[in-house]
Amino acid sequence: MDEPELLLDSNIRLWVVLPIVFITFLVGVIRHYVSILLQSDKKLTLEQVSDSQVLIRSRILRENGKYIPKQSFLMRKFYFNNQEDGFLKNTKRKVVPPSPMTDPSMLTDMMKGNVTNVLPMILIGGWINWTFSGFVTTKVPFPLTLRFKPMLQQGIELLSLDASWVSSASWYFLNVFGLRSMYSLILGQDNGADQSRIMQEQMSGAAIAMPADTNKAFKAEWEALELTDHQWALEGVEEELMSRELDLDGMFSKELPTGIF
Amino acid sequence: GHYCLDINVLIIVFTEMRDKLRKWREDNHRNSEQIVDVGEELINEHASKLGDDIWIIYEQVMIAALDCSRDDLAWTCLQELKKQFPGSQRVKRLAGMRLEALEKYEDASKQYDSILQDDPTNTAARKRKISILKAQGKSAEAIRELNEYLEQFVGDQEAWHELSELYINEHDYGKAAFCLEELMMTNPHNHLYCEQYAEVKYTQGGLENLELSRKYFAQALKLNNGNMRALFGLYMSASHIAASPKVNATVKKANVKYAAWATNQINRAYQVTKTNQLPVEELLLRSS
């Protein structure tokens, strides 16, 4: 049997639901502009740029080496991998692992990241929880289990209340993630207000920000290239080409474009 | 009534011009005369409506103006950009390009050197210095500098292509082929690189190179059925191999077959054109 639906005071809608949306949105926009101001330019060294391009070239050789003649492939493989002076085998770079302790710029970056993203979220979440407490704000459209009650119904001590009814703090967090698409519309892609994207980046950033370990990258590339053989893609190209007539539709039939428009 | 119509037409024309410029910018077209025509009018008549787009349009129009020897227009654009972005390296490079256009190569070179002092990774400045050597006809030096550049920036495709052209001019076909191989690997679906590679191989000559050339002409055709040069190349390389006294009977037979197929396709292509030209012939008949 469905419980009778709670009827919320419409003042809640006017003075709680809408203001929270408004506040979240504004804070997001402010965060975006602050992150632009605080942006620090990452200067890559010449060597880093160069090395990353070399790694790309080696990868391309592995993937697309089949489009060049066998001799050419072998010549390049030799250049990279040969025992005596192969580039990947013999180039050693000085590696400074970028732990937050030793690399001051990483430390400031991390701090800036935290200040602009996590801190406001916590502060404002707490403030909203304090200001708009003691009542239920909204109902989520799907049923939740009782386990969610203490988390989503902070400040409402009602044992029998359906867990789908949530407090203002929950509504705030819903907004933080939900307004993402609004931010993209208004601030364009790649905006600094996009909380979930930033958190994703922080997680994957930890994995990607290992460019400093070039030596490991070289070794991995060396191994991969050793294993690569040349399978020439052009082996039967004439037969493939001549298996059907050429598609000559539209040849020479287009008028030359005249004028500017 | 009448006024509204005129303003609407002006607005439509303005947006079309701006969009055309953007399209040319994105496609990297070098139709400099058109860009100068459209861009000059846009800048003179509609500057206020362009908003922040105007800066990139200034850059685009300036480069086009240099191509057309319109130093007056180039100077105007440069001044606007200097005012808006003082100390910018991108603007400094444009100033250098203008000096190049005026053939003041020493001054241009100094300009680029100052950019490189601030930012040694600035590839644009290094490439402009190489262009200066090329413009001065110092091919050997240009080739040497470009090789050094490519050692550090091995992924710069524009540079590989430039180097292949320089080598072809010096008749160093082996090295040109190397450059084109780099391009084929990074752009495996580009039929033009396959065709150029095939042409270099054909020029190098010798049975092995002719075989390779025939294969790569075929590949170019496979990627783009409409590449007539590749079709002719296929015919010529196959015929050459078939005519060579050094090949055995099987190889000769295969190449004769390839050449025949190519001839067939060439005839088909020209049949198609013949039917398309019919109206023109009728026109000519009528007017006489």
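Protein chains get the first letters and strands the later ones, always in sequence-line order, with residue 1 at the start of each. The structure presented is a predicted model; accordingly, all values stated were derived computationally and were not measured.
- Only the side chain of A:Glu240 comes within contact range of chain B, with at least one heavy atom under 4.5 Å from a heavy atom of that chain.
- Chain B forms the most heavy-atom pairs under 4.5 Å with one residue out of A:Glu245, A:Glu63, A:Arg76, and that residue is A:Arg76.
- Counted within 6.0 Å of CZ on B:Arg25, heavy atoms from surrounding residues, nucleotides or ligands total more than 12; the atom is thus considered enclosed.
- Residue contact with chain B, scored on non-hydrogen atoms closer than 4.5 Å, involves the backbone and the side chain of A:Leu234 alike.
- With a 4.5 angstrom heavy-atom cutoff, B:Leu180 does not touch chain A via any of its atoms.
- Of the two parts of A:Arg59, neither the backbone nor the side chain holds a non-hydrogen atom closer than 4.5 Å to a non-hydrogen atom of chain B.
- The 12-atom threshold is not exceeded at CZ of A:Phe22, counting heavy atoms of other residues, nucleotides or ligands nearer than 6.0 Å.
- For chain A, no part of B:Phe217 is nearby; none of its heavy atoms comes within less than 4.5 Å.
- Per-residue counts of heavy-atom pairs under 4.5 Å with chain A were compared for B:Glu151, B:Gln265, B:Gln219; the largest is that of B:Gln265.
- Between A:Phe87 and A:Phe218, the ring center distance clears the sub-6.0 Å criterion.
- Judged purely by distance below 3.5 Å, without hydrogens or angles, the side chains of B:Glu181 and B:Tyr193 never pair a donor atom with an acceptor atom.
- Within 6.0 Å of CZ in B:Arg22 there are more than 12 heavy atoms belonging to other residues, nucleotides or ligands.
- Using a 4.5 Å cut-off between heavy atoms, B:Leu221 contacts chain A through both its backbone and its side chain.
- Only the backbone of B:Asp156 comes within contact range of chain A, with at least one heavy atom under 4.5 Å from a heavy atom of that chain.
- Within a 6.0 Å sphere centred on CD of A:Glu223, other residues, nucleotides and ligands contribute more than 12 heavy atoms.
- Of the two parts of A:Gln71, neither the backbone nor the side chain holds a non-hydrogen atom closer than 4.5 Å to a non-hydrogen atom of chain B.
- The only member of B:Lys222, B:Lys201, B:Arg229 that meets salt bridge (Lys or Arg N to Asp or Glu O under 4.0 Å) when paired with B:Glu195 is B:Arg229.
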